[in-house]
Structure formats: structure tokens, C-alpha cells
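Numbered from 1 within each chain, the chains take letters A, B, ... in sequence-line order. Given the structure is predicted, the values throughout are model-derived calculations rather than measurements.
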Amino acid sequence: MDIKIIFPDKKELAVKPGITAGKAISLWYNKALDSAVAAKVNGKPADLTYTLNEDTALDIIEISSDEGLSILRHSISHVMAHAVQDVFAGAKVSIGPSIEDGFYYDFEYAEKFTNDDFPKIEKRMREIIAADYPFIREEMTRQKAVKLFAGRGEDYKVELINDLPTDVSTVSIYKDGDYIDLCRGPHIPSTGKIKAFKLLSVAGAYWRGDEKNKMLQRIYGTGFADEQALNDHLNLLEEAKKRDHRRLGKELDLFQINDEAGAGLVIFHPKGMLLRYIIEDWERKEHLKRGYDMVMGPQILKIDLWKKSGHFEHYRDNMYFTEIDEQVYGIKPMNCLAHMLIYKSKIRSYRDLPLRYFELGTVHRHEKTGVLHGLLRVRQFTQDDAHILCMPEQLNSEIRAIADFVNYAMGIFGFEYEVELSTRPQNSIGTDEDWALATKALENALKDNKINYKVNEGDGAFYGPKIDFKLKDALKRKWQCATIQCDFTLPERFDLNYIGVDGEKHRPVMLHRVILGAIERFIGVLIEHYAGAFPVWLSPTQCILLTVTDKHINYAETVYEKLIADGIRCEKFFDNEKLGYKIRQAQMQKIPYMLVIGDKEMEGQTVAPRTRDGQNLGAISVQKFIALINEMCEKKK
RNA sequence: GCCGAUGUAGCUCAGCCGGCAGAGCAACUGAUUCGUAAUCAGUAGGUCGCCAGUUCGAUUCUGGCCAUCGGCUCCA
């Protein structure tokens, strides 16, 4: 009796049972396919050697697909583990998945791996690839598998098998040559299919991601279908390095982080501060347009207030404290407390709501040393923070307005972002009912506004669930910037109320929200986003005057006076150097416009702008140039 | 906080087995007065991250601390 194989193009094939998926696929294509890495059997990924014994819906997984690449990388991680065990006898394997841009494998080994070990490992990997070992799948009972791995001294594999749910009776293993790994699969047919790979770095990683567990050694690598794709990726990594905000921050003289001042504390230089001022100035105006009130709280508040809010209990480890006249003060890690006191300063009516308190609030958080990272993770930062106090029925429209604000702001900077809803964490305050209510409110607002989102279980703030907006930087890292948090607890703890239509007291709801998040982090992400070449409206220096020779300095000075009088951010570069040198310097500073001033310009009372992408705009009047800059600022270009 | 690597001039980096500290760029001085990505010559510049120890002698070896980088964990 033949079985029926159905392909995605609806083509059907009648074949003898026992045919492999790979053979069936080659019949479908009428040829052996080199691009096939695995098959999809009834929608599930499987090896090409998988045998088909009944009617099946079959599809091909090609190396060009994300799924195919991920299978290839997973197979490379096996080859790497194989090589590591050959080179370093006694290394124990744990897990080795494929990840976004490559793969890793975690090992336990007495000696420390370093980058210098990579050539040895890669050499052995190439030998394993040249041997073209087939990946052979075998299924066995979990008892047998435990015995197998225990016999090989693979404690981590034994632990993995023992921790499987009780209803799992068999597991699968994969062999290539004399290497055996516990693995769900699928894998590429044989090691010889691997054409391009590279080991990248070694790092510590806790077993099963838990800091209470032993630290293993993780080797990261990447792999691609061919050398070309691998090289493209490596070049991309190089490019990403060039736009690292820490490097550009130094090169463009924007900021420093200095040991002598302290780790995680940013010192803004004139140009960095100007950039920051421009962003903050823009933001203040945008908030006023949207009905926010500007407020400002103190940097330190008495400890009792932090106890009342729950911060002392739940956030103490991240807070700094100071003592004055035998009074203990907490240095604020969040801005909400003062805003609560502003609300409480008088009796509120339902007619007053919503109240939107906005503060560019500077906070301090004691972050662990190992997590500090340029501007992206610091210990003192300024949030564009607001607390909205409203009636429960106003929640939906307020959340919507914030989401619109975020969308508008991200559009100005040209950022893509993803939305996540984070629910109640372990360490939290408030009742189950309030959490359910708050979570529902956020969820409904997202649904009503047709915003796509992902749920992040247990990732909320200690006082409420939140909607996070994550934007992507040049290194494809996601950064949380905007966030909306719904809070029933603080209004309760501070006994906030308003007089309703019925003349009775009611409890308002509070939304915590930021749009850019931390200004420092946002600037870091911006630097990488623009690779330091800021648009004209943001650029700390919008243009630079370049004289051809000394005799043009006097005229150039008059141009400079006109430009700065009109608020144009302009620099002078009148050094005794050739024009080519000055252009190169201005180019490396990524200044949007270079204004060349020579005989022609002096005679015609003009300037000759050259853009940083090498375009010459010809001689134009100073007034015309000012109008051009102003127009770009107006349009946020 | 944990694992590993690193810390030398303003910046980027050399410096072997312990014996007076090196380059390029930047800075400064002079010459040159030049039209769209580097003009030439000269001068100056250092607590070799910090603190101990070993040694006749430590940038080099050992220990502790601080910081940075790559990750893990945690987060705006």
C-alpha cells in the first residue's frame, strides 16, 4: 500500500512507506536539493532522514530561511562542543542553542577558555566538518539515556533528563562521529554541510540562568550558509563598533564617564549638554501642548515617606541614603513621591481630573557594577517622568493619549519599537484585585487601540503592571525607553482622593509614564541610531565656517556674528591649514554644513555650503542659509 | 554581584626572559597663504590604574582594591 505525501503546492505523491523525508523532497523537486537542511513533517521540523510511514503533509526547510539557518547554527554548536571535548578532555557539556545572530554552548571545565583557544577549537571543527559525519538520531528510554550520559560523565545532561516532566518516557540523542548529545533536533544531514562559521567570544554564564548556580563557560559563535554571508555579518559587527556611543561620545566630545568622579555617573561636555538641552526643550513644549503641568520635587526625601510608599521595603537595595542632623533621607530613585504630595496639597474635585504632573526628574539608583554600560546603564539619570492622576473611567483615554505621544516621539527620531505588557512580579505590593484591574486596564487600552503587543509574565514594577515600548539600536539590542505603569497602590498608601459627582470621596488611579525614558540612555541610543551624524535640528554644531586663507577671516567673522545672532549653532575654523584639511576635520566631526569662505564668497557677500555627504550647494546669501537651517529645525530634519 | 579579559602620553596602541619609557594622531612653535577628506619641519608631553609585597632593582612577578570591555543575573 502506497502512502500519500502532500506538498505545500498541493502536489501529491504516492510512495512506498519507509521513504525518508529527504528522498520524498527530492522527488518533489525532481532533483537532490543541496539547499535543504531539514524537513517539516505535518508542520513539525524533522531530519531529512526521518522515515515516512503514513500519509504526510511534507515541506522543505531551506538554509535560506530563518528556521533553516537556526538549524544549521544549532548543528554547528554540536560540532563546536564535539571539538571542545576533543581538544579539552574532561570538558562537560550543558546546553548549546542557536540564538539571534549565531549560537553558543556552555561548558564546565577546570581550565579557563580564552580567545587564544579559538584557533585550536576551530581547527578541530574543520576536521570534523571535513570528515562529513552524518548526524544520527536515536530515540531511547530516559532510563537508558541517563545511564548513557552518566557513563560519559555528563552530569548536566543527566540533570536535564531527570528534570523532564514525568510523562516524557523517551528522549532523543544525536551522534556525529564519536560525539553524543542529548537533543530534540532536527539537525542538518551531516557535518560536511557546514560551510562558514566563526567563534566570537567567551563569557561566563550561570547554569540555567540562575545566579545561585555554578558559573559555566560560554563560547559564542556564528555560522552562515556561505562565506559571503559570514563576512557580511562580520563587517556589520565592525560597522556597529564604529557607531558605539561610547566611542562616538569621545570622538565628538559629547560626554565622559570618569573613574575619579565615579562609575555610572555621566559628565556632559558642552556639545553633549547642548544636545541634551535641545531634546529637553522640545519635550517640555510637547508636554505643555498635551495638557501636562511642569513640577519639580527635591532630590532627597525623609525615609519615612519611602517607607510609606513601599520603596524602602521593595527597592532599598537600589537606593542611596544619607543622614543629616540625625535624620535619614533617601535619595530619590523615582519621582513619584513629591508628585503625590502635590496632589494632596488640596482637596481635588472630579472636575480637576485628570491631573498630569510632568518632571524632568533626576534619580539615583545603585546598579550592580557589572551592569554599567556607557550611557545605556548608569547610576544617575534623568527621566522625562509624569504621573497622571485620574478617575478609573479616564484610564483608557489617558493610556491611549500616552501611546499616541510615544508613537509621535518615536516618529520624530525615526525609531522602530515593539510593545510588551508586563504582569505582576514576585516581589510586589497591592491586592490581587487591584493588580487584575490594573492589568486589565492596560490590556484593554492596547486592544482598543489595536496595538500589537507581547506579554511578559512577572516583569512588572513592584507597584503595578506596565506597558513597555522597546526600541532597537544599531547592535540590534532592544532598549526599554517609554513605559506606562498602572498603579492603584500608591494612591491608596497616600490616601489620595477626589470629590466625585455624588459629593463623596473617591480614590483616583495613577499612571506612571516616561516617553524617552532616561535622557542619558535615550541620547546613547540616539548616538548609535544616527551614527553620530545628528539631523540639523539636533546637531550641537549645525555648521562650521572654513576659511580658505587668512585674508578671509575678517569677512568670516561678520558671517559668524550674523549666524549666531539668529540662533544658528555655528563654529569657527580659521586655522592656518589647507581647505582640504579643514573639510576632513569637519567631516569627522559629522557637522551637517561646512561653509567655505574664500575670495568668491567675500566678493559676493555669500557663503558656499557643503553638506557632510559631500554635496556642494553653491554660493548663497547668509540670509538664505539661515532660512534653510530654520526650516530644517522646524521640520525636525 | 558573578565569570573571563584589559588598564602605558589628550586619543589609538607597541614595549620579549625584571635593568634609564616608544610610535602615529592631537597639542605647541616656526615656515607655508593654499578652493572641497590629512602641507612641511621642529618642540613639549608619562605616578606605566591605585595600594602593598618579593627583589640590589618592578611598567614587567605576586596579592588586594578601583575602573573598563565581553557576557550572566538584574534594570530606565
Find the distance A:Asp106:CG to B:rG4:P and express it as a whole number of Å.
15 Å
Below 4.0 angstrom, N of the basic side chain to O of the carboxylate: do A:Lys241 and A:Asp244 qualify?
no
Touch class at under 4.0 angstrom, heavy-atom based, for A:Asp599 against every strand present
base
For B:rC69, does OP1 or OP2 lie under 4.0 Å from any side-chain N or O of A:Arg246?
yes
Contact class for A:Val596 (heavy atom, under 4.0 Å): base, sugar-phosphate, or nothing?
base
Heavy-atom contacts under 4.0 Å between residues 546-559 of chain A and RNA chain B, which residues?
A:Val548, A:Thr549, A:Asp550
Check ring pair (Phe, Tyr, Trp, His ring centres under 6.0 Å) between A:His74 and all other residues, then give those that pass, not counting sequence neighbours.
A:His78, A:His187
Looking across every strand, which nucleic acid part, if any, lies under 4.0 Å from A:Lys250 by heavy atom: base, sugar-phosphate, or nothing?
sugar-phosphate
Side-chain contact test, heavy atoms from C-beta onward, threshold under 4.5 Å: evaluate it for A:Ile523 versus A:Phe255 and give yes or no.
no
For the residue pair A:Thr547 and A:Lys572, confirm or rule out a side-chain donor-acceptor distance under 3.5 Å.
no
Determine the contact category for A:Gly598: base if any of its heavy atoms lies under 4.0 Å from a base atom, sugar-phosphate if only primed atoms, P, OP1 or OP2 are that close, otherwise nothing.
base
Pick one: which of A:Trp479, A:Tyr417, A:Phe415, A:Tyr453 meets ring-ring contact (aromatic ring centres under 6.0 Å, His included) with A:Phe469?
A:Tyr417
Spacing between A:Met594 atom CE and B:rA37 atom C1', to the nearest angstrom:
8 Å
Could you tell me how far B:rC65 sits from B:rA21 if I compare only their P atoms? Round to whole Å.
30 Å
Counting only side-chain nitrogens and oxygens, does A:His373 get under 4.0 Å of the OP1 or OP2 atom of B:rC75?
no
Considering only the P atoms, how many Å lie between B:rC25 and B:rG19, rounded to the nearest integer?
29 Å
Return the stacking result for B:rG71 and A:Tyr220: yes when the ring centres lie under 5.5 Å apart and the planes under 30°, no otherwise.
no
How would you label the contact of A:Lys214 with the nucleic acid (heavy atoms, under 4.0 Å): base, sugar-phosphate, or nothing?
nothing
Just the rounded figure in Å: distance from P of B:rC74 to CG of A:Leu376.
19 Å
Does B:rA37 have its OP1 or OP2 closer than 4.0 Å to a side-chain nitrogen or oxygen of A:Arg610?
yes
Give A:Val363 one of three labels, base, sugar-phosphate or nothing, depending on what nucleic acid heavy atoms sit under 4.0 Å from its own.
nothing
Does A:Gln587 reach a base, just sugar-phosphate, or nothing at all? Heavy atoms under 4.0 Å.
base
Regarding A:Tyr109 and A:Gln217, do their side chains bring together a donor and an acceptor under 3.5 Å, going by distance alone?
no
Under 4.0 Å, heavy atoms only, any strand: does A:Arg521 hit a base, just the sugar-phosphate, or nothing?
base
Phosphate OP1/OP2 of B:rA26: any A:Tyr581 side-chain N/O under 4.0 Å:
yes
Please give the stem ranges for RNA chain B, sorted by first residue number, where a stem is three or more consecutive Watson-Crick or G-U pairs and both donor-acceptor distances are under 3.5 Å.
B:1-7 with B:66-72, B:10-13 with B:22-25, B:27-31 with B:39-43, B:49-53 with B:61-65
Rounded to whole Å, how long is the line connecting atom CE of A:Met588 with atom C1' of B:rU12?
13 Å
For the residue pair A:Lys198 and A:Phe118, establish whether any side-chain heavy-atom pair is separated by less than 4.5 Å.
no
Considering every strand and a 4.0 Å limit on heavy-atom distances, what is the contact class for A:Asn616: base, sugar-phosphate, or nothing?
base
Please give, in whole Å, the distance from B:rC34 P to A:Glu577 CD?
14 Å
Taking any heavy-atom pair under 4.0 Å as a contact, classify A:Glu601: base, sugar-phosphate, or nothing.
base
Find out whether A:Glu122 and A:Phe197 are in side-chain contact, i.e. whether some heavy atom of one side chain is under 4.5 Å from a heavy atom of the other.
yes
